[in-house]
Amino acid sequence: MPDRKVVDIMTRDLTALTPETSLQQAAHLFSLMRISGLPVVDEQQRVIGFLSEADIIDAISPRSRDHSGIFLMDFGEIARKMRSASNAVVRDYMTEHPITVEESQDIGSVSEIMLTEHTKILPVVRDGVLIGIVNRADACSALMEDHWES
Amino acid sequence: MILTVTLNPSVDKVFEVSGLSLGGLNRIGNTFTQPGGKGVNIAFMLRALGHEITAMGFAGDGPGRFIQNSLRDAGITTAFTLLPGKTRTNYALLDPQAGSLTELLSPGPEATPTDIAVLRSTFERLLGLADMVVIAGSLPPGVEPTFCAELVRLATSRGVRVAVNVREEIMNAALSARPFLAEPDLRDVTVYGDYDLSEHDGRLALARHVAKSAEIAVVNAGHEVICVSGEKSVSVKVPACGLLGRIRLDDALIAGVIDATTGGDVLEDLAREGVAAALAAASSPNGQFTSRDDIQSCLDRVEVTPDA
């Protein structure tokens with residue numbers, strides 16, 4: 001089935017975060033859903049951000065680099081980050097104005113975006129409003145199927 | 001968009017066991033497995049009638065993923081709050097020889113205050129897109145009946161109509177928030193509060209009681225359905241259904257009534273479509289109608305009688 005579009009492979013799920021969701025709650029959701037990121041939406045369901053598990057790790061990871069680029073444990077930093085993360089909300093760590101795709105886009109172009117932007121999940125929007133997500137595994141499967149069929 | 005809320009969905013396993021013997025050796029005939037829970041069933045049936053549906057609620061692991069995937073395969077958008085435990089599995093044993101239906105219902109995984117907060121947040125977020133909300137089914141451990149009332153209140157305060165189909169304790173709480181449509185779940189119930197459901201008058205009195213707090217009240221006693229709105233009430237005698245039809249008759253009924261409300265609010269029409277939907281579901285292989293034509297074909301079997 002060549003020329004498949006996002007609409008053919010997207011997951012019609014509206015699970016999302018709001019800017020006020022606590023980072024702890026977001027981490028809880030990622031863990032339960034076994035997902036690496038979620039869109040952040042406003043009251044009108046417009047996608048205004050994206051929070052990845054990397055953002056959460058960055059928020060709570062107790063690390064710093066030395067001059068040679070090696071990660072060093074800093075126990076003062078550990079305590080500080082743990083304290084600030086416990087009160088943190090998604091707004092503080094999300095990527096604003098994230099890349100989104102539309103349901104009519106072809107899978108090839110979406111895969112390209114995933115590769116260049118190093119992202120596993122992209123929100124799918126219609127007029128800016130979240131209608132689902134597309135993930136890299138589904139895009140990869142679809143591309144492989146198209147490849148073997150052709 | 002119609003937003004369905006199923007706080008305790010299930011996977012329903014149905015086994016046909018002819019001559020079921022408790023404590024004996026039984027052989028299974030036909031069997032099938034499908035997603036269940038009142039709200040989920042209603043979501044599937046409203047979707048079959050062409051409505052745009054978003055299904056939310058709690059879902060655990062394992063069977064919970066099966067439920068969500070099945071909903072999405074049917075073109076329903078999902079937004080479930082995941083729980084760490086496994087979604088429950090319910091069992092129904094159909095005995096065609098005895099004409100009996102035995103159901104075994106599990107409690108479901110527990111929801112913590114954090115889970116409840118996540119679900120509330122999702123509900124509030126999606127209310128902005130909803131034209132109507134349907135809250136149906138049981139509550140998982142950890143969720144109080146007042147939470148259901150809270151959801152009704154959140155929706156009605158934003159002008160969104162709410163339909164509730166829940167058991168007595170939850171219904172009593174929900175009615176305090178004045179839903180649009182209320183149908184008490186009367187499975188295995190012969191007395192509801194002070195109302196004796198074995199008599200028509202008792203059922204009518206219950207429907208009138210519910211209609212004091214809801215614009216439309218529906219009482220389904222299996223062989224009779226009563227609808228009340230304001231001072232007006234109608235009754236429908238429901239023709240006998242097969243065993244399988246009994247499992248989801250109630251869900252099909254409210255799906256039919258909800259569908260009818262989107263086209264108008266003539267009480268006779270709501271009752272007629274609701275019962276026709278129930279009959280259509282009862283005659284399908286899996287207890288769910290699959291199209292509007294299924295309902296249309298049953299309309300002439302439904303006779304609506306105005307109550308005095």
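The figures that follow rest on heavy atoms only: side chains count, while hydrogens, waters and symmetry mates do not. Chain A is the first sequence line, chain B the second, and so forth, proteins listed ahead of strands; every chain is numbered from 1.
Looking at B:Thr114, the atoms closer than 4.5 Å to chain A (heavy atoms on both sides) sit in the backbone and in the side chain alike. If you measure heavy-atom distances from B:Ile76 to chain A, the contacts under 4.5 Å come from the backbone alone. Neither the backbone nor the side chain of B:Asn69 has a heavy atom closer than 4.5 Å to any heavy atom of chain A. Proximity to chain A (any heavy atom under 4.5 Å) is restricted, for B:Leu83, to the backbone atoms N, CA, C and O. Contacts of B:Thr54 with chain A are made by side-chain atoms alone, with heavy-atom separations under 4.5 Å and no backbone atom involved.
Under a cut-off of 6.0 angstrom, the local environment of CG in A:Asp127 is sparse, with at most 12 non-hydrogen atoms contributed by other residues, nucleotides or ligands. When the shell of 6.0 Å around CD of B:Gln296 is examined, it contains more than 12 heavy atoms from other residues, nucleotides or ligands. Within a 6.0 Å sphere centred on NZ of A:Lys5, other residues, nucleotides and ligands contribute more than 12 heavy atoms. Counting non-hydrogen atoms of neighbouring residues, nucleotides and ligands closer than 6.0 angstrom, the CD atom of A:Glu20 exceeds 12 such neighbours.
Of all residues in residues 28-43 of chain A, those placing a non-hydrogen atom less than 4.5 angstrom from a non-hydrogen atom of chain B are A:His28, A:Leu29, A:Leu32, A:Met33, A:Arg34, A:Val41, A:Glu43. Using a 4.5 Å heavy-atom cut-off against chain B, the contacting residues of residues 10-19 of chain A are A:Thr11, A:Arg12, A:Asp13, A:Leu14, A:Thr15, A:Ala16, A:Thr18. Inspection of non-hydrogen atoms places no residue of residues 46-54 of chain A under 4.5 Å from chain B.
Taking CD of A:Gln44 as the start and CG of B:Leu129 as the end, the distance is 9.5 Å to the nearest 0.5 Å. One finds the CD atom of A:Gln25 at 6.5 Å from the OG atom of B:Ser121 (value rounded to the nearest 0.5 Å).
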Would you tabulate the side-chain donor-acceptor contacts of residues 158-165 of chain B under 3.5 Å, counting partners in other chains and residues two or more places apart, or write 'none'?
unit_1, atom_1, unit_2, atom_2, d
B:Arg158, NH1, B:Glu124, O, 3.2
B:Asn165, OD1, B:Lys38, NZ, 3.0
B:Asn165, ND2, B:Glu183, O, 2.9

